[in-house]
Amino acid sequence: MTAIPRIYVIGSGSMGMPLAAFLSANDIQVIAVRTSVEGVSPTIESVTVELPAGKSLQANVKMVSLSEIECVDEGILLLTAKATANKYIADSLRTKFSKLPIVVMQNGIGVEQVYIDAGFPKIYRCVLYATGQTIQKHHYRFREVSESPIGIVKGDPGEAQAIIDQISTPTFRFRYVESIEREAWKKAIINAAFNSICPLINVDNGIFHRDKHVAMIAETIIDEASSVAAKIGIRFQKRELLDQLLLISQRSDGQLISTLQDINNGRETEIEFLNLEIARIGNGMSPPIDPRVTRILGEMILAKSKSTI
Ligand SMILES: NC(=O)C1=CN([C@@H]2O[C@H](COP(=O)(O)OP(=O)(O)OC[C@H]3O[C@@H](n4cnc5c(N)ncnc54)[C@H](OP(=O)(O)O)[C@@H]3O)[C@@H](O)[C@H]2O)C=CC1
Ligand SMILES: CC(C)(CO)C(=O)C(=O)O
């Protein structure tokens, strides 16, 4: 019998900790690795995750700082740290985990690039269709929207499927897709609407299915960002994006978008990888496409987060 590789969840936040708790509750060997704090020795923490319909899950999760881990030759890395920390994290991971496959689970366009540049041998990309929110220390609220797609950046379908089989649990499911770049753009366009509009009006994710006027602002972002994607050969029907946006809005009603959680907590946001990256790509085209509303709302988020910090 082949040994089942250990899972390292890199970045123990609102998504990483529920994921680690679900794996631990399913008897998968998992370690939640802290990236923003150095020098924390291994501990076992009791983690509670609130689920829909008043259910909840409790699991013991092993935690340790990245700085405290020696070189590791076997296992799987699931990257759930903020994309804003990627440069620092890629440098640290490369010295300790250079042989391991990594699954980049962050929102945004091009978030996997630093791991390609760092020479990781196997890189997979996951697009998360779930929401996680920290209620208090080691206590989270989690909602799955639908299965989260995983595809290949650099690797092979067999390994991708083996990883999916290992990390899927009934509460957090993953599926294999051929065209992960299209999936990443689809989610980034949807995020460009959620992660700018919700924080700017200071409201939860449910706003789009509750208020058709706010949904119309999202539609403008969808139109603009889709025309940038179309220019690089990634085409969407507007309906496909709108339906997915409304589905997320319904299924995460009451949850706060990660960018609003960031602003509320005085943290840097990932808007550079969303609205502002889409605008940069559009404006770098020949002839340039300026996704004006998408860009301006992104710039407002940047200003709002800086003024709060
Ligand atoms: N929250 C959500 O609902 C969703 C989030 N996502 C995406 O998942 C990813 C994780 O999001 P989420 O869990 O909400 O994020 P959190 O804000 O909870 O942060 C995740 C972890 O990133 C690490 N981190 C943050 N800043 C730094 C830094 N400067 N240096 C080193 N490490 C840092 C910390 O790890 P540690 O605590 O270990 O030190 C932190 O706990 C993001 O890319 C997000 O866009 C996608 C879908 C939904
Ligand atoms: C759009 C949403 C809620 C979907 O998972 C998300 O990506 C986030 O909270 O950042």
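If you're wondering where the values come from, they're calculated on a predicted model, not measured in any experiment. We count ligands from 1, going down the list as the structure has it; atoms in each ligand are counted the same way.
- Within a 6.0 Å radius of NZ in Lys99, no more than 12 heavy atoms belonging to other residues, nucleotides or ligands are found.
- Residue contacts with ligand 2 for Leu128 involve N, CA, C or O but no side-chain atom from C-beta outward (heavy atoms, distance under 4.0 Å).
- Contact annotation: for Asn191 versus ligand 2, heavy atoms closer than 4.0 Å belong to the side chain alone.
- The nearest heavy-atom contact from the protein to atom 2 (C) of ligand 2 is Ile257 CD1, 3.9 Å.
- Taking the six-membered ring for Trp and the full ring otherwise, the centers of Phe97 and Phe120 sit at least 6.0 Å from each other.
- Near Ala81, the atoms of ligand 1 lying under 4.0 angstrom from a non-hydrogen atom of the residue are 21 (C), 22 (O), 23 (C).
- Nearest to atom 3 (C) of ligand 2 among the protein's heavy atoms is Thr131 CG2, 3.2 Å.
- Atoms of ligand 1 found under 4.0 Å from any heavy atom of Arg267 (numbered from 1 in listed order, with element): 17 (O).
- The Gly11 neighbourhood of ligand 1 comprises atoms 35 (O), 38 (O), with distances under 4.0 Å to a heavy atom of that residue.
- The residue Ile190 has no part lying near ligand 2, judged by heavy-atom distances below 4.0 Å.
- Comment: Lys186 engages Glu240 in a salt bridge, judged by a side-chain N to carboxylate O separation of less than 4.0 angstrom.
- Atom CG of Asn265 is separated from atom OG1 of Thr134 by 8.0 Å, given to the nearest 0.5 angstrom.
- Protein heavy atom nearest atom 18 (O) of ligand 1, with residue, atom name and distance: Ser14 N, 2.9 Å.
- Ion pair Arg280/Glu272 flagged as a salt bridge, since at least one NZ, NE, NH1 or NH2 atom sits closer than 4.0 Å to an Asp/Glu carboxylate oxygen.
- Ile163 is listed as a side-chain neighbour of Ile167, based on a closest heavy-atom distance under 4.5 Å.
- Using a 4.0 Å cut-off between charged side-chain N and carboxylate O, Glu268 and Lys82 make no salt bridge.
- In this structure, Glu144 pairs ionically with Arg173, as a charged nitrogen and a carboxylate oxygen lie closer than 4.0 Å.
- Atom numbering of ligand 1 starts at 1 in the shown order; those under 4.0 Å from a heavy atom of Gln106 are 43 (O).
- Each of Ile76, Leu78, Leu93, Leu100 was checked for a side chain to side chain contact (heavy atoms under 4.5 Å, CB included) with Tyr8, and the lone residue meeting it is Leu100.
- Remark: ligand 2 and Ser258 share an N or O pair separated by less than 3.5 Å (distance only, no angle test).
- At a threshold of 4.0 Å, the pair Glu70-Lys96 does not count as salt-bridged, since none of the basic side-chain nitrogens sits closer than that to a carboxylate oxygen.
- At the top of the distance list for atom 24 (N) of ligand 1, counting protein heavy atoms only, stands Thr35 OG1, 3.9 Å.
- The ligand atoms of ligand 2 that sit less than 4.0 angstrom from a heavy atom of Asn195 are 10 (O).
- Applying the 4.0 Å criterion to heavy atoms of Ala85 picks out, from ligand 1, the atoms 27 (C), 28 (C), 30 (N), 31 (C), 32 (N), 33 (C).
- By the 4.0 Å N-to-carboxylate-O rule, Asp117 lies too far from Lys87 to be salt-bridged with it.
- Side-chain atoms of Tyr124 and Glu159 form a donor-acceptor pair, as typed in the model, at a separation below 3.5 Å.
- Nearest protein heavy-atom contact of atom 5 (C) of ligand 1 is Met15 CG, 3.5 Å.
- Near Asn205, meaning under 4.0 Å from any of its heavy atoms, are these atoms of ligand 2: 3 (C).
- Evaluated by nearest non-hydrogen atom to atom 41 (O) of ligand 1, the leading choice among Cys126, Gly13, Ser148, Ser92 is Gly13.
- In this structure, Asp253 pairs ionically with Arg210, as a charged nitrogen and a carboxylate oxygen lie closer than 4.0 Å.
- Atom 37 (O) of ligand 1 has as its closest protein heavy atom Arg34 NH2, 3.0 Å.
- When heavy-atom distances to ligand 2 are checked against a 4.0 Å cut-off, Ala130 comes that close only through its backbone atoms N, CA, C and O.
- Considering both main-chain and side-chain atoms, Asn107 comes within under 3.5 Å of ligand 2 through a nitrogen or oxygen pair.
- Among protein heavy atoms, atom 38 (O) of ligand 1 sits closest to Ser12 N, 2.8 Å.
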May I have the step-by-step check of ring pair (Phe, Tyr, Trp, His ring centres under 6.0 Å) for Phe172 and Phe174, ending in yes or no?
CA-CA 7 Å; Phe172 201 173; Phe174 298 88; 4.8 Å; yes

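- Scanning all protein heavy atoms for the shortest distance to atom 6 (N) of ligand 1 gives Asn107 ND2, 3.5 Å.
- The protein heavy-atom contact nearest to atom 20 (C) of ligand 1 is Thr80 O, 3.6 Å.
- No donor-acceptor contact under 3.5 angstrom links the side chains of Gln113 and Asn86, judged on distance only.
- Residue contacts with ligand 1: Val33 is included, with a non-hydrogen atom under 4.0 Å away.
- Within ligand 1, counting atoms from 1 as listed, the ones closer than 4.0 Å to a heavy atom of Thr131 are 3 (O).
- Residue Lys187 touches ligand 2 through its side chain alone, judged by heavy-atom distances below 4.0 Å.
- The closest side-chain heavy-atom distance from Thr80 to Ile10 is not below 4.5 Å.
- Taking all heavy atoms of Gly132, Ala32, Gly16, Ser36 into account, the minimum distance to atom 3 (O) of ligand 1 is reached by Gly132.
- Polar contact with ligand 1: present for Lys82 (N/O pair, distance under 3.5 Å).
- Near Glu270, meaning under 4.0 Å from one of its heavy atoms, ligand 1 places the atoms 42 (C), 43 (O), 44 (C), 45 (O).
- For atom 48 (C) of ligand 1, the nearest non-hydrogen atom from the set Ser258, Ser65, Ala130 comes from Ala130.
- Between Glu183 and Lys187 no salt bridge is recorded (no basic side-chain N to carboxylate O distance below 4.0 Å).
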